[in-house]
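So you know, we letter chains A, B, ... as the sequences are listed, proteins then strands, and number each from 1. These numbers come from the heavy atoms of this one structure, side chains and all, not from hydrogens, waters or symmetry mates.
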Amino acid sequence: MTAALVLLPAALLIAGFPVFLVLLSAATAFVVFVADVPATVLHQAMFGGVESFALLSIPFFLFAGEVMVRGGLAARIVDWVQALVGRVPGSLALATVGTSTVIGAMSGSSAAATATCGRLLLPPLIRQGYSRPFAAGVVAASAGIDIVIPPSIAMILYGVTAEQSIPRLFLAGIVPGLVLAAFMAAFILAHALLAGVKAEGSFSLARAGRATLNCLWALGMPAIVFGGIYGGVFSPTEAAGIACVYAMLVSLIVYRDIGLRELFRIAGNAMAMTAQIMVIVAAAGVFGWMLTTSGTPQALVAWIGGLDLAPWQVLLAINLLLLAIGCVIDPTSAILVLTPLLLPIVRHAGVDPIHFGIIMTVNLSIGMFTPPFGLNLFVLQSLFRIPTAELYRGVLPFIAVQCAALACITYIPALSLWLGGR
Amino acid sequence: MRRSLIAFLIRWSDTALSGLLATAMLALVAVNFGNVVARYVFSAPWLAADEAMTFTMVWGVFVGAGLVSLRGGHLAMDVVSGLLPRRAGAALRVAGAVLLVVVLGVVAVHSVEFIDTITMIGMTSMAAGIPMWVPHLAIPVGFALMVAGTVLRLFAPEDAAPPP
């Protein structure tokens, strides 16, 4: 049984096989060689894993985000944020953080935000006198925040796996997302003051007003989504569907950034991205069934309970584990595989499951730009041919900054539960 | 000749599957939005909408997984495999394809067995009355597409495979 549960998945994962295949292989080996159950359970658990109305919001949010980000929306947001912070030292780097945060409220893809902000902001940052490592670090680390700012695909997956309210998770993510952005902004500001970086622009009320008007339609999308959900009007899935229609109307008719052919291509890609995520959800359904049947979560809880750790020690150990795993595994796979194992442990330690969902998401968002295998680093490398050593040097200070924010988010539950606990 | 045939098959399959997925995505948006309007404007919700959308998504996921296989885009931890020499990497890709064919084959056999059972007892969905074999069939069909995509990619010339 140990082979099916631990050795086989670990070996296949290290060999680089697709995550869904790793999970499905382990569960199939368990059913065929170990468990005394009809093998049709494999099909039933897979189907049950994806046949969920809550998961239906994933393709909608992915599609709406792609439509908004693929057009000229990001450039308008950059202009808007720059218009607001133009007079502050380090304003261009601050605009990068601000733009990523705003894009996070429309799209849950960190890699897409890295590509979008990288194309728009990395060359101007370097021209402005920032070193290439620092500029790359700002872009890669800012894009990590996208996973934490709702709507977040990672939170939807956690909510379904942990059976927690997705609207509550979305609410709980707002303050921690802003905390991450605030820590980044404070570091950039301190760096600008110490290094003598001057303000890269000026502030004028007229320019700020023009820029706000120019991207008002784009900013309307998060307003409609969150207003609809928390006004008690729509479910998250309905709100996501309305976000799609709104994004299509704004991009096709108001901004005219994309045409019908491009829209059709984006729709196909959004569903392919959904498949990329959901096929792991399906396989994780079988894997989760296997873990439950074998009593693994209960055994882990008993073992951790036997260690007699204080809750802060449990959280510290889990944070270190998640940070390490986040460096090598994407957030989707990590959440689906680890939630059934870790949730009973943190519940036993008295941690609120909504708070834990946010801790997990923040950890994995840091993993998106942590060397050696953070996905955002590869996106920057492939777009700008930046040498690996420069990239690593650039992100290191931001890892420290975001780990400090993570410590606050972990040990001050009110940051998550102030909004999400209601 | 064989290489250009495979390249043609990959391009054709990519276009066909992408078109199917785009149509499914836009249909989902239309049904969702239509149902919101029917529910909140006309107070006449389409009760079967949730099931119709969920089943469309299930088909989209498994057909889409075929496209992802064709593009070699499944999420994986390529820490070690990326460091391997060319030959070892190629051997690992073959081993991965064999494992995929075996595992998906085993699951598909039992999927068909399950679908056969629910067809015999005439199981239908609760709101829309859709025969339940319809959404369940997405799994074996998707697995067949994933196997086909993986095998095509294995024999494809390097410049033929569409970008992931």
Side-chain angles (χ1 to χ4, degrees), chain A residues 12-22 24-25 28 32 38-44 46-47 50-53 55-56 59-60 63 233-234 237-238 240-242 244-245 248 263-282 328-330 332-333 372-373, chain B residues 17-26 28-29 31-33 35-36 39-40 50 53-55 57-58 60-69 71 73-82 84 92 95-96 99-100 103-104 106-107 109-111 113-115 117 135-136 138-140 142 146:
Chain A
L12 295 179
L13 202 63
I14 290 168
F17 292 165
V19 177
F20 87 90
L21 183 60
V22 171
L24 198 55
S25 303
T28 306
V32 173
T40 51
V41 73
L42 291 167
H43 172 94
Q44 287 171 273
M46 279 195 89
F47 188 80
V50 288
E51 188 212 16
S52 154
F53 187 67
L55 289 173
L56 198 53
F60 290 127
F63 181 46
V233 184
F234 309 127
T237 304
E238 287 174 337
I242 289 171
C244 289
V245 174
M248 285 195 286
L263 182 77
F264 195 70
R265 199 186 63 74
I266 293 172
N269 277 344
M271 191 47 105
M273 282 161 69
T274 304
Q276 203 181 27
I277 294 169
M278 295 282 278
V279 76
I280 302 176
V281 175
V328 286
I329 298 184
D330 62 282
T332 300
S333 314
F373 303 110
Chain B
L17 291 176
S18 298
L20 271 176
L21 295 179
T23 308
M25 184 72 243
L26 294 172
L28 281 173
V29 173
V31 173
N32 193 348
F33 187 69
N35 193 41
V36 168
R39 185 190 303 272
Y40 298 107
D50 292 357
M53 284 192 289
T54 308
F55 295 164
M57 180 185 69
V58 170
V61 165
F62 286 99
V63 171
L67 178 63
V68 177
S69 296
R71 293 177 175 178
H74 282 295
L75 295 172
M77 191 184 90
D78 52 1
V79 178
V80 175
S81 57
L84 289 175
L92 206 57
L99 180 72
L100 183 126
V103 171
L104 296 196
V106 169
V107 181
V109 166
H110 295 295
S111 290
E113 191 185 316
F114 180 80
I115 291 166
T117 307
H136 280 274
I139 293 185
M146 287 158 87

Identify which part of [X] has an atom lying under 4.5 Å from any heavy atom of chain B, answering side chain, backbone, both or neither.
X: Leu21(A); answer: side chain
X: Thr28(A); answer: side chain
X: Ile280(A); answer: side chain
X: Thr237(A); answer: both
X: Phe17(A); answer: both

Answer with side chain, backbone, both or neither: which region of [X] has an atom nearer than 4.5 Å to a non-hydrogen atom of chain A?
X: Ala95(B); answer: both
X: Ser69(B); answer: neither
X: Leu67(B); answer: side chain
X: Leu84(B); answer: neither

Evaluate Leu28(B) against Phe63(A) for side chain to side chain contact (heavy atoms under 4.5 Å, CB included), listing each step before the verdict. CA-CA 11 Å; Leu28(B) 281 173; Phe63(A) 181 46; over 6 Å; no

What's the shortest heavy-atom distance between Ala76(B) and Gly16(A), and which atoms? CB-O, 3.5 Å

Looking at every heavy atom in both Met25(B) and Ala270(A), which two are closest together, and how far apart are they? SD-CB, 4.3 Å

Taking every heavy-atom pair that is under 4.5 Å apart, which of Val19(A), Asn269(A), Leu56(A) has the most such pairs with chain B? Leu56(A)

Residue from Leu42(A), Val32(A), Val22(A), Val50(A) scoring the most non-hydrogen pairs under 4.5 Å with chain B is Val50(A)

Between [atom1] on residue [X] and [atom2] on residue [Y], distance to nearest 0.5 Å:
X: Thr274(A); Y: Leu21(B); atom1: OG1; atom2: CG; value: 9.0 Å
X: Gln44(A); Y: His110(B); atom1: CD; atom2: NE2; value: 12.0 Å
X: Thr54(B); Y: Phe53(A); atom1: OG1; atom2: CZ; value: 6.5 Å
X: Leu12(A); Y: Leu99(B); atom1: CG; atom2: CG; value: 6.0 Å
X: Phe47(A); Y: Ile139(B); atom1: CZ; atom2: CD1; value: 6.5 Å
X: Met57(B); Y: Leu55(A); atom1: CE; atom2: CG; value: 5.5 Å

Less than 4.5 Å apart, side chain to side chain, heavy atoms only: is that true for [X] and [Y]?
X: Met271(A); Y: Leu17(B); result: no
X: Val58(B); Y: Met278(A); result: no
X: Met53(B); Y: Phe60(A); result: yes
X: Met248(A); Y: Phe33(B); result: no

Determine whether Leu75(B) and Phe20(A) satisfy the following criterion, side chain to side chain contact (heavy atoms under 4.5 Å, CB included), listing intermediate values before the conclusion. CA-CA 8 Å; Leu75(B) 295 172; Phe20(A) 87 90; over 6 Å; no

Go through Ser18(B), Ala24(B), Gly60(B) and name the one with the most non-hydrogen pairs under 4.5 angstrom from chain A. Gly60(B)

Just jot down the side-chain contact (heavy atoms from CB on, under 4.5 Å) partners of Phe234(A), sequence neighbours excluded, or say none. Glu238(A), Ala239(A), Ile242(A), Val36(B), Tyr40(B)

Test your reading of the model: is there a side-chain donor-acceptor pair from Gln276(A) to the backbone of Gly73(B), 3.5 Å cut-off? yes

